[in-house]
Number of protein chains: 2
Amino acid sequence: MGVTLKQLAASLDLSPTTVSRALNGFPEVNAKTRARVMAAALKANYHPNTRAKSLATGRAQAIGHVIPASTSHEIVNPVFADFIAGAGESYARAGYEMVLRITPDDQEENAYRDLLARGSIDGIILHGPRVQDARVAMLAEMGVPFLVHGRTSGVNAPYSWLDINNQRSFARATQFLLDFDHRRIALINGIEGMDFAQRRRQGYLQALAAAGIAPDPLLMRQSEMTEPYGYRAAQEMMQLPDPPTAFIASSMIVAYGLRRGLTDLGLKLGRDVSVIAHDDELSYLPNYGDVPTFTATRSSVREAGRRAARMLLRLVDDPDCGPLTELMETALILGASTGPAPR
Amino acid sequence: MGVTLKQLAASLDLSPTTVSRALNGFPEVNAKTRARVMAAALKANYHPNTRAKSLATGRAQAIGHVIPASTSHEIVNPVFADFIAGAGESYARAGYEMVLRITPDDQEENAYRDLLARGSIDGIILHGPRVQDARVAMLAEMGVPFLVHGRTSGVNAPYSWLDINNQRSFARATQFLLDFDHRRIALINGIEGMDFAQRRRQGYLQALAAAGIAPDPLLMRQSEMTEPYGYRAAQEMMQLPDPPTAFIASSMIVAYGLRRGLTDLGLKLGRDVSVIAHDDELSYLPNYGDVPTFTATRSSVREAGRRAARMLLRLVDDPDCGPLTELMETALILGASTGPAPR
DNA sequence: GCACTTGCTCAAAGCGCTTTGAAGGCAGCG
DNA sequence: CGCTGCCTTCAAAGCGCTTTGAGCAAGTGC
């Protein structure tokens with residue numbers, strides 16, 4: 001344990017009051033005194049005890065992230081890690097701590113209540129929102145500042161969120177393929193019920209509708225986004241009487257699986273069949289180069305984490321600064337995996 | 001904010017002392033009183049304020065994880081997320097909080113010192129140890145209980161760690177291939193300097209040596225474990241005058257890349273060329289089925305997280321319970337990606 | 001009957017900080 | 001000279017909890 005305020009004060013022959021004020025920038029401290037205090041604090045490597053401080057101020061100086069993680073493994077995923085990393089950067093900069101709570105998914109509500117009742121956090125980030133997610137109302141009712149990473153369709157009450165424009169993003173991707181004369185476009189989506197998956201499908205359907213193309217249920221799948229899932233989707237769909245000429249994948253990993261499934265069938269991406277992936281810019285799933293491997297809808301999930309955290313901190317600072325929302329657009333980047341529909 | 005101990009005590013017509021003791025299981029409380037208190041606490045949804053509690057006890061009831069994450073992205077990786085998830089389970093069970101600090105990697109030491117001086121944590125998990133990692137000595141010197149996920153070669157002083165038997169694991173994998181008459185075996189490793197990478201290479205070299213085979217530098221690579229890295233390794237090595245007949249990959253992602261590189265060359269895994277991967281059992285990189293896709297050295301990193309956390313908690317509880325160490329063996333599981341060397 | 005446990009409960013101090021209310025010193029003013 | 005008001009500093013209370021030391025009533029043994 002480090003030096004305490006009292007000790008520091010004693011060593012300076014000052015009262016704790018004055019030292020505290022000097023360090024916290026209160027105006028009623030003599031400039032000379034303040035300088036002395038600052039110097040001594042630095043020298044003694046003084047850091048105020050967070051617990052004591054927050055007990056006194058009533059603010060935890062910490063943000064909670066609750067990760068339900070027993071049966072559904074959907075959230076403990078690569079995307080999550082990068083988001084957390086981004087958020088953590090913002091917290092660190094603001095002097096906030098990040099508290100992570102892993103919980104069986106039937107106990108998620110408890111986790112929030114517990115964290116709150118214990119006074120361990122000032123705000124919450126809600127992960128992996130589903131369609132009509134009841135957790136939003138729950139958190140609102142608890143009266144704690146919170147921000148959703150994503151959105152939840154079907155919830156009317158206002159709440160703060162940061163999301164990417166999934167619908168527009170996938171509409172554009174679909175449109176792009178349509179422009180290349182693709183008419184049979186498959187959507188390999190994330191698991192049903194996740195809000196992002198629904199929005200992506202909407203974008204996809206919207207673009208199809210605008211082109212006067214009836215969606216084919218045989219070309220739409222939703223499941224957990226693994227590589228084998230992509231592989232099977234490719235293999236099975238290409239067996240259809242009227243197979244797709246293009247695929248849109250909800251993640252890079254799925255796109256990897258698609259590519260394998262397709263090349264195993266002797267098809268070349270960008271020539272025989274087209275693939276567009278959603279790219280969260282995860283460092284170990286790179287999609288760069290002069291011509292990226294995959295044409296992709298791209299958006300940094302890490303940057304999303306950074307921004308979401310900053311927004312939440314504003315909310316914590318001033319709970320009345322109203323529901324804050326941000327919709328990040330994605331970039332459609334051209335890679336080697338797309339081309340005109342073969343005929 | 002929830003109910004306080006004082007309020008609860010008042011409502012029961014008892015002193016805070018008694019209520020505190022009743023709740024914390026001290027023996028000197030009348031059984032009837034305790035029951036009353038328990039019931040009331042439950043009803044009022046009482047949760048002791050963590051900050052007050054830890055201020056009073058001097059224990060933070062929290063464990064810190066510091067993630068350096070600016071330039072080197074090696075740690076914000078999929079493996080990390082699963083380890084954290086496992087550790088979080090153990091913490092939650094023990095009533096501990098998990099504090100995550102993301103920091104520029106030249107500031108990692110500061111992060112530890114700060115966390116400690118502020119009294120925010122009781123223990124630390126050290127991630128991603130490198131060969132001769134100076135952080136171990138640093139933490140030891142700070143006098144905080146800590147546990148390393150992995151080990152650090154070249155550090156003599158004892159410290160607590162949990163690791164998988166990387167050396168044996170890769171020696172076995174290599175041996176397995178040797179038994180299949182492979183003589184040209186490539187090692188596609190993680191980045192140089194990471195301790196796990198060094199141990200894996202040692203295991204590989206050891207098996208080769210035992211078989212009287214001189215290692216070929218052309219067959220050994222180390223880099224960040226991405227899919228394209230695996231792809232390039234496969235493509236380039238197969239161009240060699242004397243190409244490998246088998247590959248060992250340090251991660252599933254790399255193995256994906258290898259597979260693509262090899263199949264692109266028209267080679268069939270398990271027949272024309274063999275691949276063994278290290279499988280951390282990440283949920284979105286599944287390698288299961290009747291016959292798993294890849295022959296693999298398998299070990300759940302999530303389980304490692306669980307155990308590491310438990311060990312650290314023991315250490316926090318009793319700092320003198322000595323350096324705790326655990327070496328987890330991996331399983332060599334037979335999949336479809338290996339077979340006898342072609343001749 | 002007394003001294004002495006034993007069992008249960010409480011008042012109060014203290015953890016390290018912030019913050020309120022008060023006070024000392026000094027200049028400016030009439 | 002005395003009063004006011006400003007600048008600077010401080011003592012003390014309080015945040016919600018644990019824990020020490022004391023106290024009180026009932027039970028035990030002589």
Side-chain angles (χ1 to χ4, degrees), chain A residues 1-38 40-41 44-62 95 97 114-122, chain B residues 1-38 40-41 44-62 95 97 114-122:
Chain A
M1 277 282 333
V3 199
T4 71
L5 184 70
K6 211 158 132 191
Q7 297 171 343
L8 188 63
S11 82
L12 282 162
D13 228 357
L14 283 172
S15 75
T17 310
T18 305
V19 175
S20 169
R21 290 190 159 148
L23 291 169
N24 290 315
F26 282 69
E28 59 267 74
V29 178
N30 187 308
K32 222 181 273 177
T33 311
R34 165 166 292 139
R36 263 181 71 214
V37 172
M38 294 291 224
N45 189 33
Y46 170 76
H47 291 269
N49 182 302
T50 318
R51 317 260 146 192
K53 185 167 187 161
S54 65
L55 184 56
T57 58
R59 323 194 68 201
Q61 295 276 99
E97 228 58 87
D114 183 273
L115 236 26
L116 227 59
R118 299 190 116 90
S120 306
I121 54 169
D122 299 321
Chain B
M1 276 281 336
V3 199
T4 72
L5 184 69
K6 210 157 130 191
Q7 297 171 341
L8 188 64
S11 82
L12 283 162
D13 229 356
L14 283 172
S15 75
T17 310
T18 305
V19 175
S20 169
R21 289 188 159 149
L23 258 24
N24 290 314
F26 282 69
E28 59 267 72
V29 178
N30 187 308
K32 221 182 272 175
T33 310
R34 165 165 292 139
R36 262 180 72 214
V37 172
M38 294 291 223
N45 189 33
Y46 170 76
H47 292 269
N49 182 301
T50 318
R51 292 163 298 160
K53 184 166 188 163
S54 66
L55 184 56
T57 58
R59 323 192 69 202
Q61 295 277 99
E97 228 58 87
D114 184 272
L115 237 26
L116 227 59
R118 300 191 116 90
S120 305
I121 55 168
D122 299 320

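Remember, it's a predicted structure, so these values are computed and weren't measured experimentally.
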Out of Asn49(B), Thr50(B), Asn45(B), which one pairs with His47(B) under the side chain to side chain contact (heavy atoms under 4.5 Å, CB included) rule? Asn45(B)
Over how many whole Å does the gap from Asn30(A) atom CG to dC6(D) atom C1' extend? 13 Å
Return the residues of residues 16-24 of chain B meeting this criterion: a heavy atom under 4.0 Å from some atom of DNA chain C. Order them by number, or give none. Thr17(B), Thr18(B), Arg21(B)
Give the rounded distance in Å between these two atoms: CG of Leu5(A) and C1' of dT19(C). 13 Å
What nucleotide among dG16(C), dT18(C), dC17(D) has an atom nearest to a side-chain atom of Lys53(A)? dT18(C)
Mapping Ser15(B) and Lys6(A) to their closest nucleotides on DNA chain C, which lands nearer the 5' end? Ser15(B)
Indicate, with a heavy-atom threshold strictly under 4.0 Å, whether Ser54(A) touches base, sugar-phosphate, or nothing. nothing
Round to a whole Å and report the spacing from CD of Glu28(B) to P of dC24(D). 19 Å
Rounded to the nearest Å, what distance is computed from the CD atom of residue Gln61(B) to the C1' atom of nucleotide dT18(D)? 13 Å
Residue pair Arg21(A) / Val29(A): nearest heavy atoms and the distance that separates them: CB-CG2, 3.7 Å
Can a side chain N or O of Tyr46(B) be found less than 4.0 Å away from OP1 or OP2 on dG16(D)? no
Nearest-nucleotide 5' precedence on DNA chain C, Ala56(B) against Leu14(B): Leu14(B)
Identify the heavy atoms of Asn24(A) and Lys53(A) that sit nearest to each other, and give their distance. OD1-NZ, 4.0 Å
Using whole Å, report how far CZ of Arg51(B) lies from P of dT18(C). 13 Å
CG/Asp13(B) to CZ/Arg36(B) distance, rounded to the nearest 0.5 angstrom? 7.5 Å
Using whole Å, report how far CG of Asn49(A) lies from C1' of dC17(D). 14 Å
Rounded distance in Å - CG (Leu55(B)) to C1' (dG14(C)): 9 Å
Short side-chain N/O contact from Thr33(A) to OP1 or OP2 of dT9(D), under 4.0 Å: yes
Has Arg34(A) got a side-chain atom pairing as donor or acceptor with Phe26(A)'s backbone, closer than 3.5 angstrom? yes
Closest contact, heavy atoms only, Ala41(B) versus Leu23(B): CB-CD1, 4.2 Å
Return the value, rounded to whole Å, for the distance between atom CG of Leu12(A) and atom P of dT9(D). 12 Å
Closest heavy-atom pair and its distance - Ala60(B), Ser54(B): CA-CB, 3.8 Å
